[in-house]
Amino acid sequence: MKKLILSIITLISITTAVFALPGFTSFIPDNSGEYVFYRDKSFERESYIGLLCYNDSTYEIKYVSPKNEILGQPEKELALLIKVNPESDYFDMIGEKVISTVDYGSDDVDILNYMHDFLYEFSAKRISKDTVTTREETSSHDFPLFGGNVTFIYDCVIPLFNLRSVLDQSGNAILECCTIGQVSSSHDTSFEDFRGFTSIPVVTPANSTAAAKKDKKSGKNDGTTSKSDKKSDSGTSSKSKAKTQKFTFENQTVVMDSDWEQQMENIWTLQNDSIVTVSEIPLPNEDLDLSESYLIRKLSESSQGRYTDFATMEIIKNKKGQYKITSISHESNGKDSIRTVKLLTPSSAKDKFAYFSISTYNSAYQKNTVYFDKIVNGYRAK
């Protein structure tokens, strides 16, 4: 549980040191340490391109391709530290340093050249877009780097280029954001350690709440919750006899049963399976749209030791203005995945948001969808 707690508790920090790549102003300014990784399908082998912001003049671009034993492909990693002129109105690179091993007799040189082209070309296209203030904005380009006519899809939540994906003429993604994050300290190696992951949908027909309820009525046993089922592989017993309790924190209410253990005033755990947190977040900016977009970015970012699957994340806003962010995060060791639901609710005081989060190991959630979904649906904030 310690690992789950450390990887799940979300701290929303409002940083004064904010930056943007040269030539444009971001709706959400980038913070030092923010990064983005893209799955790049223009390569024949599985490949990722990552960008990391150190400050307004220093960035890192990294190419990663994981080891493929079946195809006999060794792991490949190339990285460049880039210096730019922050006062320029275009991507003016004034220095670079190769910070990885390079085999100059292989295709490493071609990849390094591609990384240079990547920075120049995507910077130019972002500058031509001018502003990106919403979750989805598109522009079409003749883009020789990707073989012809393509469509760029921008998203203000994604740091640096604000680029979510690049689609070919058939609508297939050539480049797609797979995770965003922020390095928390000099000891945080999340950017260096990234090696990709296999996407998992946040909801599938087999484990959805609706499917679980239908199967329960029909008596079908496919691993979803019933009164006689156990709640998880860790041995948590059936909750049919557990007493329901109502927990409150700062005008927020969570309904859970007595098997949840209160760790702090606003944190509860269910053995090694799940953790619930509630808190309040002050409005980061007087502009509500900017505040909401900023918080969605922070709540979508990966943290030390785990990577949020951005491509499959679900972000829904209801009629009352509440955001529901559902995501799957992958442990850096590749062994575990965690399903997280975060609710961001405007406060009646209009100067803060009520925040709720429940994070559960995905294997436990799939066996008990109705139980965990009921906790989410029972949450209330005034």
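Here the rule is side chain to side chain contact (heavy atoms under 4.5 Å, CB included) with Ile325, and of Leu299, Leu344, Ile316 only Leu299 fits it.
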Quiz prompt | Steps toward side-chain contact (heavy atoms from CB on, under 4.5 Å) verdict (Leu343, Tyr379) | solution = CA-CA 9 Å; Leu343 301 178; Tyr379 166 78; 3.5 Å; yes
Practice problem: For Lys382 and Gln252, run side chain to side chain donor-acceptor pair (under 3.5 Å): C-alpha distance rounded to whole Å, both residues' side-chain angles, the deciding distance at 0.1 Å, then the answer. | Solution: CA-CA 7 Å; Lys382 296 181 181 179; Gln252 300 175 67; over 6 Å; no
Quiz prompt | Full working for side chain to side chain donor-acceptor pair (under 3.5 Å) between Thr312 and Ser199 | solution = CA-CA 7 Å; Thr312 64; Ser199 290; 5.4 Å; no
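A salt bridge is absent between Lys41 and Glu46: the closest approach of a Lys/Arg side-chain nitrogen to an acidic carboxylate oxygen does not fall below 4.0 angstrom. In summary, Lys352 and Glu280 engage in a salt bridge, as defined by a charged side-chain N under 4.0 Å from a carboxylate O. Classification of Lys76 and Asp108 as a salt-bridged pair holds, one side-chain N sitting under 4.0 Å from a carboxylate O.
Judged by distance alone, the side chain of Ser26 and the main-chain N or O of Ala20 form no donor-acceptor pair under 3.5 Å. Using modelled atom types, one side-chain atom of Asn68 and one backbone atom of Leu71 make a donor-acceptor pair closer than 3.5 Å. Within the 3.5 Å criterion, the main-chain N or O of Glu176 finds no donor-acceptor partner in the side chain of Ser165. Although no hydrogens or angles enter the test, the distance criterion places a donor-acceptor pair under 3.5 Å between the side chain of Ser291 and the main chain of Asp287. Side chain of Ser359 to backbone of Thr340: no donor-acceptor contact under 3.5 angstrom is found. The closest donor-acceptor contact from the side chain of Ser106 to the backbone of Asp103 lies under 3.5 Å.
Partners of Arg297 under the salt bridge (Lys or Arg N to Asp or Glu O under 4.0 Å) rule, at least two apart in sequence or in another chain, are Asp30, Glu34. Scored by the ring-ring contact (aromatic ring centres under 6.0 Å, His included) test, Tyr48 finds Phe194 as partners (sequence neighbours excluded). Judged as a side chain to side chain contact (heavy atoms under 4.5 Å, CB included), and not counting sequence neighbours, the contacts of Gln169 are Asn149. Applying the side chain to side chain donor-acceptor pair (under 3.5 Å) rule to Thr133 yields no partners; only residues at least two apart in sequence or on another chain are considered. Qualifying ring-ring contact (aromatic ring centres under 6.0 Å, His included) partners for Tyr38, counting only residues two or more places apart in sequence or in other chains: none. The salt bridge (Lys or Arg N to Asp or Glu O under 4.0 Å) search around Glu60 returns none, not counting sequence neighbours. Glu75 pairs by the side chain to side chain contact (heavy atoms under 4.5 Å, CB included) definition with Lys67, Glu77, Arg195, not counting sequence neighbours. Residues that satisfy the salt bridge (Lys or Arg N to Asp or Glu O under 4.0 Å) test with Glu137, not counting sequence neighbours, are Lys129. In this structure, the salt bridge (Lys or Arg N to Asp or Glu O under 4.0 Å) partners of Lys317, at least two apart in sequence or on a different chain, are Glu292. Applying the side chain to side chain contact (heavy atoms under 4.5 Å, CB included) test to Asp168 and every residue at least two apart in sequence or in another chain returns Ser170, Asn172, Ile174. Remark: Tyr120 pairs with Phe91 by the ring-ring contact (aromatic ring centres under 6.0 Å, His included) rule, at least two apart or across chains.
Between Phe37 and Phe310, the ring centre distance reaches or exceeds 6.0 Å.
Here the shortest heavy-atom pairing between Met313 and Val202 reads CA-CG1, 4.4 Å. Closest non-hydrogen pair, Ser184 versus Gln304, comes out as OG-OE1, 3.5 Å. Nearest heavy atom pair, residue Ser302 against residue Tyr307, reads OG-CA, 3.3 Å.
Using bins of under 30°, 30° to 60° and over 60° for the plane-to-plane angle, the ring pair Tyr154/Phe152 lands in the tilted bin. Ring geometry for Tyr114 against Phe43 counts as perpendicular: the plane angle is over 60°, on a 0 to 90° scale with 30° as the lower cut.
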Please tabulate, one pair per line, all N/O donor-acceptor pairs under 3.5 Å involving side-chain atoms of residues 138-145, not counting sequence neighbours.
| residue | atom | partner | partner atom | Å |
| --- | --- | --- | --- | --- |
| Ser139 | OG | His141 | NE2 | 2.9 |

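Connection of Tyr90 to Val84 is not established within any shared hydrophobic cluster, with ILVMFWY side chains joined at heavy-atom distances below 4.5 Å, either directly or through further cluster members. Hydrophobic clustering places Ile296 together with Leu288 (ILVMFWY residues linked when any side-chain heavy atoms are closer than 4.5 Å, directly or through intermediates). When hydrophobic clusters are built by joining Ile, Leu, Val, Met, Phe, Trp and Tyr residues whose side-chain heavy atoms come closer than 4.5 Å, directly or via intermediates, Ile61 is grouped together with Tyr63.
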